[in-house]
Amino acid sequence: MLAFLLRRVAAAIAMLLVVGTIIFSLLVIVPGDPAELLLSTGGGSATQEAIQNLRSEMGLDKPILAQYFSFLINTARFEFGTSIVDGSSIADAIALRLPRTLEIIGVGTVLALIVAIPVGTLAGLRGGGRFDVIASGVNALLTSIPGFVVGTLFIYFFAQVLRVLPAGGYVAFSDDPAQHLQMLVLPATTVALHLATIIFRMTRASVLEMRGHDWVRTATAKGLRRSLVVRRHILRNALGPVITVVGLQLGILLGSTVLVEFVYNWPGLSGLLVTAVEQRDYPTVRAIILTVAAIFIGINLVIDILYSLLDPRIRLK
């Protein structure tokens, strides 16, 4: 197990290094001078002195290798510098916004797992039956509805018609816990609805596949309780692909919750990224992309460990 963990951690570090190198290279090979582009965003022309000063602040006047190693060292120390737009700390901005995005993703994931795995398991166990047909039809319908449409419908129904939940906004949990939880319900449910459709499909397909294996028929023929057969022989083996899909989707959600955050006016990391791109705040964009990539790689590392616990054969690969 230790050798397996060391291999996975080494692979994660290597992937982080590759991602960091690619991001650094893209900013280097982009045509034009970033400092000049930034200073001319407003439509005017910048003086050479102002351009040189900004280049010096950004470290662009150093040799490429020096810039690269400085970039790697600062990234390892979580020192992302300051925003070019307002001079604020990029690390502080990410530390403020990231937990908000992780909150709606985390709560949405828990809700999706609670609903999708039991429903998908039942649909798989009753493949072709009435419950399977109804559940698959509802899932197909929900899959076809875009997230921003779901968000708009939720706001209209729960905030405008029933008036039981706020339409959007954000209040810190420390300031007003009840209001914070009320504002969290709709964005988390929107995320959960999209994720649940994917988890349902994978769970159902995995359970259907596991039902046909010899060990399941043998366990049933031995007279084991159906609940034990489902839990130990079907669901345990079916959860491997489900965990993998959930891990991939969590990484994707980190960068794709921008529409959810926009619809509900939730000030998360995706909104910060969009603002940084619009303002051409390259250091902030680079830091956010690196942060998302690091979390994505970290999630996949955890998924590999969980997968190895479910299937010990994975540790030998």
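- The line from CG of L272 to OG of S83 is 8.5 Å long, rounded to the nearest 0.5 Å.
- Residues forming a side chain to side chain contact (heavy atoms under 4.5 Å, CB included) with T143 (at least two apart in sequence, or on another chain): N139, T197, R201.
- Using a 3.5 Å distance cut-off with no hydrogens or angles, the side chains of S89 and T82 do not pair a donor with an acceptor.
- In this structure, the side chain of D132 engages the main chain of G128 through a donor-acceptor pair within 3.5 Å.
- Y170 OH: more than 12 foreign heavy atoms inside a 6.0 Å radius.
- Under the 4.5 Å side-chain criterion, counting only non-hydrogen atoms from C-beta, V274 is in contact with E278.
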Would you list the atom pairs, donor with acceptor, under 3.5 Å between side chains in residues 106-116 and any protein atom, with sequence neighbours excluded?
{"from": "T109", "atom 1": "OG1", "to": "I105", "atom 2": "O", "distance (Å)": "2.7"}

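- Here the side chains of R100 and P267 are in contact, with some heavy-atom distance below 4.5 Å.
- L193 and V263 end up in the same hydrophobic cluster when Ile, Leu, Val, Met, Phe, Trp and Tyr side chains are linked at under 4.5 Å.
- Side-chain N or O atoms of R97 include one that pairs as donor or acceptor with a backbone N or O of G268 at under 3.5 Å.
- Note: L253 CG to I295 CD1 = 12.5 Å, rounded to the nearest 0.5 Å.
- When side chains are defined from C-beta on, L235 counts as touching L239, because their heavy atoms get closer than 4.5 Å.
- Taken to the nearest 0.5 Å, the CE atom of M15 stands 6.5 Å off from the CG atom of N300.
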I would like to know whether Q249 and I252 meet side-chain contact (heavy atoms from CB on, under 4.5 Å); could you show each step before the answer?
CA-CA 5 Å; Q249 289 300 314; I252 295 172; 4.0 Å; yes
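- Shown here for S270 and T101, the closest heavy-atom pair between the two residues is N-OG1, 4.1 Å.
- Each side chain to side chain donor-acceptor pair (under 3.5 Å) pair with one or both residues in residues 151-162, not counting sequence neighbours, would appear here, but there are none.
- Closest approach of G168 to M183, counting heavy atoms only: O-CE, 3.9 Å.
- Contacts of L17 classified as side chain to side chain contact (heavy atoms under 4.5 Å, CB included), with partners at least two apart in sequence or in another chain: T21, Y68, L72.
- The cluster map of Ile, Leu, Val, Met, Phe, Trp and Tyr, joined by side-chain heavy atoms under 4.5 Å apart, puts I73 and L65 in different clusters.
- Counting only heavy atoms from C-beta outward, the side chains of I90 and I288 never approach each other to under 4.5 Å.
- When all heavy atoms of I145 and L141 are compared, the pair lying nearest together is CG1-O, 3.3 Å.
- The hydrophobic cluster containing F296 also includes L248, under a criterion of side-chain heavy atoms closer than 4.5 Å among ILVMFWY residues, counted directly or through chains of members.
- Put simply, V133 and L142 are part of two different groups of oily side chains (I, L, V, M, F, W, Y) that touch within less than 4.5 Å, one to the next.
- When all heavy atoms of F131 and V119 are compared, the closest pair comes out as CE2-O, 3.8 Å.
- A pairwise comparison of heavy atoms in W266 and P187 identifies CE3-CG, 4.2 Å as the closest pair.
- Residue V207 is not grouped with residue L122 when hydrophobic side chains (ILVMFWY) are merged at heavy-atom distances under 4.5 angstrom, including chains of intermediate members.
- Each side chain to side chain donor-acceptor pair (under 3.5 Å) pair with one or both residues in residues 176-195, not counting sequence neighbours, appears once here: E103-H180, T190-Y264.
- Cation-pi geometry between R286 and F80 is not met: the NZ or CZ atom fails to fall both under 6.0 Å from the ring centre and inside 45° of the normal.
- One finds the CD1 atom of I299 at 5.0 Å from the CG atom of L250 (value rounded to the nearest 0.5 Å).
- Contact record, G120 with T203: C-CG2, 3.8 Å, taken as the closest heavy-atom pair.
- Side-chain atoms of F78 and I94, non-hydrogen and from C-beta on, never get closer than 4.5 Å to each other.
- Side-chain contact between V258 and L273 is absent, with no heavy-atom pair separated by less than 4.5 Å.
- One distance of note links CG of N74 with OG of S70; it measures 4.5 Å at 0.5 Å rounding.
- In this structure, the side chains of I64 and Q67 come closer than 4.5 Å at one or more pairs of heavy atoms.
- To the nearest 0.5 angstrom, L102 atom CG is 9.0 Å from T257 atom OG1.
- Within the 4.5 Å cutoff, the side chain of I234 has heavy atoms near those of the R211 side chain.
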